[in-house]
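Structure first, commentary second.
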Amino acid sequence: MNPETNTGHIIEQKIDSLLTRMTLDEKIGQMTQVRHFDDISEEDIAGKFIGSVIHTQGPLPGNTAEEWQAKFRYLQEKALSTRLGIPLLFGVDAVHGQNTFEGATIFPHNIGLGASQNAELVEKAAAITAVESQATGFNWVFSPCIAIPYNEKWGRVYEAFSESTELTEKLTRASVQGHQGNLEDSHTVMATAKHFVGDGATDFGEEGGETSLAHEEVINRLLPPYKAAVEEGVGAVMASFNTLSGISMHAHKEMITDTLKIGMGFDGMVISDWKGYSRFGENDIINAGVDMVMAVDGDLEVFQNGLKYAVENGVVSQQRIDDAVRRILRQKFRLGLFENPLPDSTLVQKLGVSEHREIARQAVRESLVLLKNQNELLPLDATMSKIVVVGEHANSTGLQSGGWTVNWQGTHENYEGATTILEGIKNAAKGEVIYDANASEKHDDAQVAIIVIGEQPYAEFFGDIGHESNELTLTLIEEHQRYVDHYRKPGIQIVVVLISGRPMMVTDEIEKSDAFVAAWLPGSEGDGIAEVLFGAYGFKGKLPHSWPKSMDNFRGKYGPNFWDESIKPLFPFGYGLEY
């Protein structure tokens, strides 16, 4: 919605009217985001004039979607009971579907959508995510992540679409359009472009590290997707954990205010990341242009009292406060929350429906990248007499979905409504299908072994490579290497399906296999993989990242497709075989 339109003018007039009546406490309250538990009592919603509530890891709002809606409706009514009756924004990390609610449709993570290169599909997935988020009471999602990953050691590679700026820009537009649509509709949500800026381009891939790129590189490679998001009307932008030129991005006024807000004409709101106030400079982040703060895990009093003191003592100007509140109120008006603040109860019936899952299956099918197909082994003949399926990833919807699934760090268990890869294979094959979870059995009479290997679920810095407190590597664990070796026998052909959030060091496994498929993190519809393996659909996916040969490719700050032209990847960006 353009502020220059008649409707835009009306919204600005309404904001002016509210601002003239608001106290400083009420304004700071609007700038505050809290969790729905621990951070506040229910009475604090009104007493502290809270502007937004976030749901993330922790106690659930309820057991059913109706209970989730009821919880958020109750909190919304608390906000509406205040003197000015300003409604709440409810935010959630719905990064590949409404992934915090068990039973929702879970799409492939963004790296898989990047492999599809299908903007129309990305828009549909985002629109479904919006519907299922609203069905559980949310009007705001912290998606899409539009980072440009420079190094596969970074633990959030799977949250981004691609190493390609151009592809990321195209899919960013589609994602914002899909999430937001007509913002006043009850089945759309406000989207968030994140994390501004340089989160995926830190030195050595360290989460929250230094982004030492030249200014021109930041402008030409990292900023275009944000410009695209702004042009599509994205409602929010989230600041990043990293530093840029030694300055915390949360406190980087040149980037947040001068570049994003003024240079790009962004009139939405900038939200901090987790505990941004206490972690990255307190009132410096407000002066830099952060409008709303995640005042979580003990930060509520620190933030509200600290900012009030800063305003009363001239450290933060009243003008900066009014600008922040204006931006927050503008999005609440654009969402239609003043007229329709409560969730639409009829949307509950849309959660995880077959039409949504079919789009998710399409996304799985189109995300698969065929890296090897020796002697045209694939597509598999469904009438084979015996197929053995190997690996715990084949029989776990949790493992196949990765982080940000049901829990922040993901889950190793099967979750409601999802289909495993093994189930899909059993449905597609007409002959005998045997499951050997850890390659401990002998099936010398099998014609094909489908070996499903990969990473364990992780999120954020728990997936970083070469940093403290973790032992993850880009190389397969020895047990999964053994799975492949176990079935290298005369008469058995090997199909390897890799479940991972990024390219991995699997050069040996590719050489040992007859066919090799990069399946990324497919989400809840594991049967989509079998549909392609058995030829009901063809391979369409293309690599969204160049694929490194070995860890030697990471001797510098970045991966094999950045800076060092002497490093030739095993497979280039855009590679992918077809039937």
Side-chain angles (χ1 to χ4, degrees), residues 93 95 109-111 142 145-163 165 168 194-215 217-218 221-223 225-226 238-252 255-256 272-276 278-281 285 294 402-404 408-410 455-475 500-505 521 544-548 550-564 567 569:
D93 279 294
V95 299
H109 269 294
N110 278 354
I111 193 171
F142 302 137
C145 176
I146 57 177
I148 308 295
Y150 272 51
N151 192 315
E152 281 79 7
K153 293 180 180 180
W154 185 47
R156 307 186 78 147
V157 169
Y158 65 78
E159 293 186 48
F161 292 116
S162 172
E163 70 182 26
T165 298
T168 301
K194 68 182 190 184
H195 308 83
F196 189 80
V197 60
D199 51 344
T202 56
D203 298 353
F204 306 105
E206 183 178 3
E207 170 76 350
E210 165 70 2
T211 301
S212 62
L213 298 177
H215 186 62
E217 185 82 1
V218 174
R221 206 153 201 169
L222 304 187
L223 287 181
Y226 286 96
M238 185 181 293
S240 182
F241 284 152
N242 62 290
T243 59
L244 183 64
S245 302
I247 303 172
S248 168
M249 269 310 307
H250 273 69
H252 208 306
M255 295 305 298
I256 295 176
S272 86
D273 208 329
W274 197 257
K275 287 175 71 72
S278 63
R279 294 174 66 184
F280 300 114
I285 78 170
M294 287 190 192
W404 297 108
W408 171 44
Q409 290 294 315
E455 295 187 291
Q456 297 294 305
Y458 56 83
E460 298 189 42
F461 63 91
F462 290 101
D464 281 8
I465 303 302
H467 303 297
E468 293 181 6
S469 75
N470 72 84
E471 297 178 354
L472 288 168
T473 72
L474 287 176
T475 304
S500 70
R502 48 195 162 190
M504 297 184 69
M505 304 302 118
L521 299 168
H545 294 262
S546 55
W547 198 286
S550 70
M551 290 305 294
D552 288 341
N553 291 169
F554 295 93
R555 57 180 177 262
K557 292 179 181 178
Y558 309 118
N561 200 38
F562 295 97
W563 300 109
D564 191 343
I567 299 176

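Annotation for S162 and P544: closest pair OG-O, 2.7 Å, computed over non-hydrogen atoms. Across every non-hydrogen atom of G410 and P457, the tightest pair is CA-CB, 4.2 Å. Contact between P503 and I111 at its shortest, heavy atoms only, is CD-CD1, 4.5 Å. When all heavy atoms are compared, the tightest approach of A160 to A147 is CB-O, 3.4 Å. Contact detail for R502 and V157: the closest heavy-atom pair is CB-CG1, 3.9 Å.
Side chain of H109 to backbone of W404: no donor-acceptor contact under 3.5 angstrom is found. Distance alone, capped at 3.5 Å, is enough to place a donor-acceptor pair between the E163 side chain and the S546 backbone. In terms of modelled atom types and a separation under 3.5 Å, the side chain of D199 and the main chain of E207 share no donor-acceptor contact. Using modelled atom types, one side-chain atom of Y226 and one backbone atom of F196 make a donor-acceptor pair closer than 3.5 Å. Using a distance-only test at 3.5 Å, with no hydrogens or angles considered, a donor-acceptor pair links the side chain of N151 to the main chain of K557. Not a single donor-acceptor pair under 3.5 Å links the side chain of E460 to the backbone N or O of G155. In this structure, S245 contributes its side chain and I247 its backbone to no donor-acceptor pair below 3.5 Å.
The CD atom of E159 lies 8.0 Å from the CG atom of D93; values are rounded to the nearest 0.5 Å. For the atom pair CZ (F161) and CG (N110), the distance works out to 4.0 Å, reported to the nearest 0.5 Å. Taken to the nearest 0.5 Å, the CZ atom of F241 stands 13.0 Å off from the CD atom of E206. Rounding to the nearest 0.5 Å places CG of N553 at 5.0 Å from CD1 of I567. Taken to the nearest 0.5 Å, the NZ atom of K194 stands 7.5 Å off from the CG atom of D273. Put simply, CZ on R156 and OG1 on T202 are 11.0 Å apart, with the number rounded to the nearest 0.5 Å.
Between H195 and F142 there is no side-chain heavy-atom pair separated by less than 4.5 Å. Taking 4.5 Å as the limit, some side-chain heavy atom of R279 sits within range of a side-chain heavy atom of W274. Looking only at side-chain heavy atoms (C-beta outward), E217 and T211 stay at 4.5 Å or farther from each other.
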### Query
Do Q409 and Y458 pass the side chain to side chain contact (heavy atoms under 4.5 Å, CB included) test, and can you show the C-alpha distance, the side-chain angles, and the key distance before you say yes or no?
CA-CA 5 Å; Q409 290 294 315; Y458 56 83; 4.2 Å; yes
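Checked against a 6.0 Å centroid threshold, the rings of F204 and F554 do not count as neighbours.
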